[in-house]
Protein chains: 2
Amino acid sequence: MKFSKIPSATITRLSLYSRALEDLMHGQVNIIASDKLAQKCGVNPAQVRKDLAYFGEFGVRGVGYFVKELLFEIKKILGLNRRWRMALIGIGNLGLALVAHENFLKQGYEFVAVFDVDPKKVGRRLPSMQMIHGMDELEAIVKEKQIEIGVIATPASQAQATARLLVAAGIKAILNFAPVQIQMPEGFIVDNVDFTVKLDNLAYHLTMEAV
Amino acid sequence: MKFSKIPSATITRLSLYSRALEDLMHGQVNIIASDKLAQKCGVNPAQVRKDLAYFGEFGVRGVGYFVKELLFEIKKILGLNRRWRMALIGIGNLGLALVAHENFLKQGYEFVAVFDVDPKKVGRRLPSMQMIHGMDELEAIVKEKQIEIGVIATPASQAQATARLLVAAGIKAILNFAPVQIQMPEGFIVDNVDFTVKLDNLAYHLTMEAV
DNA sequence: CCATTCTTGTGCAAACAATCACATAAAATG
DNA sequence: CATTTTATGTGATTGTTTGCACAAGAATGG
Ligand SMILES: NC(=O)c1ccc[n+]([C@@H]2O[C@H](COP(=O)([O-])OP(=O)(O)OC[C@H]3O[C@@H](n4cnc5c(N)ncnc54)[C@H](O)[C@@H]3O)[C@@H](O)[C@H]2O)c1
Ligand SMILES: NC(=O)c1ccc[n+]([C@@H]2O[C@H](COP(=O)([O-])OP(=O)(O)OC[C@H]3O[C@@H](n4cnc5c(N)ncnc54)[C@H](O)[C@@H]3O)[C@@H](O)[C@H]2O)c1
């Protein structure tokens, strides 16, 4: 491991590599060259090699990378060799889709608790039999279940307040689906999944092309 | 307008600015300085000014930017001064959340047709009364309704094949929710909304911190 | 109407990221 | 066992993005 700073884009790509390798392993492929892996992920082959080189020498010259071994290493780097416990805040349309999505669990991400403010929802159970908790239980449950990641799926207007509650409850990282930029204190991580920004990007490119 | 190349990160930020300005307009704010706008969006003030400068001089020195006017300009740049017609492919958990989401329409994005392969779904109507079409109708409906954007919410294994059908049907841009990298012919645009990559990013940072 | 204050627009340097090109090492070949 | 082939790892290079620092323009106030 080299102790230079790792480009953030590298981390994003490692995630893509891991996914591609998972796919290759399913397809009984044992060895892959940087060319092929790069093509599968839509990046430059040298990029693949350089990204990996930040963390060690995983390949064999003249041969390529052993799929299983490389996947193991990347998962270790990303911290995917363990289970991550998450809380979902706001069980509306999107929240329901998220907790129903079984791929997260396969990847090691588990929604261990679900919260909402709507009195019509609190106290009921999801189809999965999971209980919907009120926000007053947040801190206790986060502590009890050692939850580290909070997922915000509340309306945008409530997202910042929700983030504060999550921080107060002892959560370290937030994945935010609400279309607002959330301000966090030093040392906490937020990442946004932003549908509209992506659509705007498409709209811009379509508009440009037409000119 | 300067005919230098526009950084793609600039386009992403324009989307954030537009959202922040919308919010400010709601709050009856008429004028905003780059400092404040930057803070709201979590970027550097000089960045805001430079991003805008690619497209023109929208501010008044010593004063700031007129919120309404700047919002209008940014929307024009991004192509948000019109309606965009979209097709949704794959009406599962996520697809249902997407079509139910009324914010898209407010922003000018409309799902004008919904498709699936499941014979139990095709021919039925959504709660919104929208018909679920079979994939055999794709091309005809894309043409008839002049759909330009395709949204893929099928399982990952079906995403590439679906993308090909969309291209064949005459669609120009795709927003892909499936966790795979989609290969597209020259001149077509794909963008991915990638939940897992974001989670992996959080996992990595949490893992690093702990070291 | 000059001085002061404020905030934009931008040239330039620094930081960051992607790509090329080749030395290096392992395997295959004859 | 020398030679060729293959594909990694990485220094050098090129390209892109960000951020500083300040000149320039607009309003304000005495
Ligand atoms: N549904 C989509 O496809 C979609 C797409 C893009 C963005 N989003 C964003 O995701 C978020 C959720 O979307 P949705 O469609 O599920 O909305 P929704 O209205 O269906 O669900 C929101 C849920 O949050 C709960 N809630 C409200 N305030 C809360 C609070 N302070 N604390 C806890 N829970 C609270 C509500 O009771 C409700 O159950 C929104 O910010 C939306 O803009 C959704
Ligand atoms: N649900 C989530 O929160 C979530 C989160 C992250 C990623 N995703 C991704 O989004 C996609 C959809 O997820 P989901 O949870 O809605 O899955 P889902 O299984 O609930 O729905 C998929 C739908 O696609 C339809 N479909 C299958 N093959 C098709 C084809 N060839 N053409 C058209 N339709 C087809 C199915 O009939 C089904 O209705 C998946 O790729 C998933 O990995 C979902």
Side-chain angles (χ1 to χ4, degrees), chain A residues 1-17 20-21 24 29-71 73-74 77 181 197 201 204, chain B residues 1-17 20-21 24 29-71 73-74 77 181 197 201 204:
Chain A
M1 166 111 58
K2 304 198 176 149
F3 288 100
S4 45
K5 232 193 104 276
I6 314 284
S8 68
T10 291
I11 304 306
T12 302
R13 283 191 296 267
L14 285 182
S15 187
L16 298 184
Y17 303 156
L21 290 165
L24 287 166
V29 180
N30 293 319
I31 294 182
I32 185 100
S34 59
D35 293 48
K36 291 293 182 68
L37 185 56
Q39 198 189 12
K40 227 172 132 64
C41 299
V43 303
N44 181 294
Q47 187 101 260
V48 171
R49 300 199 295 275
K50 183 147 280 193
D51 284 338
L52 297 174
Y54 284 114
F55 301 96
E57 304 200 0
F58 304 124
V60 182
R61 293 174 192 216
V63 178
Y65 300 90
F66 292 96
V67 171
K68 200 174 161 186
E69 188 185 311
L70 183 58
L71 179 58
E73 293 293 344
I74 292 181
I77 294 163
Q181 232 46 31
V197 166
N201 191 40
Y204 170 77
Chain B
M1 165 109 58
K2 306 202 177 145
F3 287 100
S4 44
K5 229 192 105 272
I6 315 283
S8 68
T10 291
I11 304 306
T12 301
R13 283 190 298 267
L14 285 182
S15 185
L16 297 182
Y17 304 156
L21 290 166
L24 288 165
V29 180
N30 293 318
I31 293 182
I32 184 102
S34 59
D35 292 47
K36 292 295 183 65
L37 185 56
Q39 198 188 14
K40 228 173 131 63
C41 299
V43 303
N44 180 294
Q47 187 100 260
V48 172
R49 299 199 295 274
K50 183 151 280 191
D51 284 339
L52 298 174
Y54 283 115
F55 300 96
E57 305 201 358
F58 304 125
V60 182
R61 294 175 190 216
V63 178
Y65 300 90
F66 291 98
V67 171
K68 201 174 161 185
E69 188 185 311
L70 183 58
L71 179 57
E73 292 293 345
I74 292 182
I77 293 163
Q181 233 46 31
V197 166
N201 191 39
Y204 171 76

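First the proteins, then the strands, lettered A, B, ... as listed; each starts at 1.
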Point to revise | Euclidean distance, B:R13 CZ relative to B:K50 NZ, rounded to 0.5 Å | key: 11.0 Å

Check your understanding: Rounded to whole angstrom units, what separation is found between the CG atom of B:D51 and the P atom of C:dT8?
Key -> 14 Å

Check your understanding: Between D:dT8 atom P and A:Y17 atom OH, what is the distance in whole Å?
Key -> 12 Å

Review point. Closest to the A:P7 side chain: D:dT10, C:dA17, D:dT18?
Key: C:dA17

Review point. Could you give the CD1-to-P distance, from A:I11 to C:dA17, as a whole number of Å?
Key: 11 Å

Check your understanding: Once you round to the nearest 0.5 Å, how far does CG of A:N44 lie from CG of A:D35?
Key -> 9.5 Å

Point to revise | Euclidean distance, atom CZ of residue B:F58 to atom P of C:dT8 [Å, nearest integer] | key: 14 Å

Practice item. Taking only the side-chain heavy atoms of B:A33 (C-beta and beyond), determine which of C:dT7, C:dT19, D:dG9 contains the nearest atom. Key: C:dT7

Practice item. Respond yes when some side-chain nitrogen or oxygen of B:S34 is under 4.0 Å from OP1 or OP2 of C:dT7, and no when none is. Key: no

Check your understanding: To the nearest 0.5 Å, what is the distance between CG (A:L71) and CG (A:L24)?
Key -> 9.5 Å

Point to revise | OP1 or OP2 of C:dA17 under 4.0 Å from side-chain N/O of A:Q47 | key: no

Study note, to complete from the structure: Here the gap from B:F58 atom CZ to B:L52 atom CG, rounded to the nearest 0.5 Å, amounts to 6.5 Å

**Study point:** Side chain of B:E57 - closest among C:dG9, C:dA17, D:dC20
**Key:** C:dG9

Practice item. Side-chain contact test, heavy atoms from C-beta onward, threshold under 4.5 Å: evaluate it for B:Y204 versus A:I77 and give yes or no. Key: yes

Point to revise | Nearest-Å distance for atom pair CG/C1', residues B:L14 and D:dT17 | key: 15 Å

Exercise for review: Write down the distance between CD (B:Q39) and P (D:dG19), rounded to a whole number of angstrom.
Suggested key: 15 Å

Practice item. Determine, for nucleotides 21-30 of chain D in 5'-to-3' order, which nucleotides have protein heavy atoms under 4.0 Å from the base (write B), from only the sugar-phosphate (write S), or from neither (write -). Key: B--BBS----

Practice item. Establish, with yes or no, whether the OP1 or OP2 oxygen of C:dA26 is under 4.0 angstrom from a side-chain nitrogen or oxygen of A:Y65. Key: no

Practice item. Give the minimum heavy-atom separation between A:I74 and A:L14, together with the two atoms involved. Key: CG2-O, 3.6 Å

Point to revise | Length of the line joining A:I32:CD1 and D:dT6:P, which is rounded to integer Å | key: 17 Å

Exercise for review: Please state whether the base of D:dT17 and the side chain of B:K50 form at least one donor-acceptor pair under 3.5 Å?
Suggested key: no

**Study point:** With B:Y65 via side chain to side chain donor-acceptor pair (under 3.5 Å) - residues at least two apart
**Key:** none

Practice item. Provide, to the nearest angstrom, the distance between the CG atom belonging to A:D35 and the P atom belonging to C:dA21. Key: 15 Å

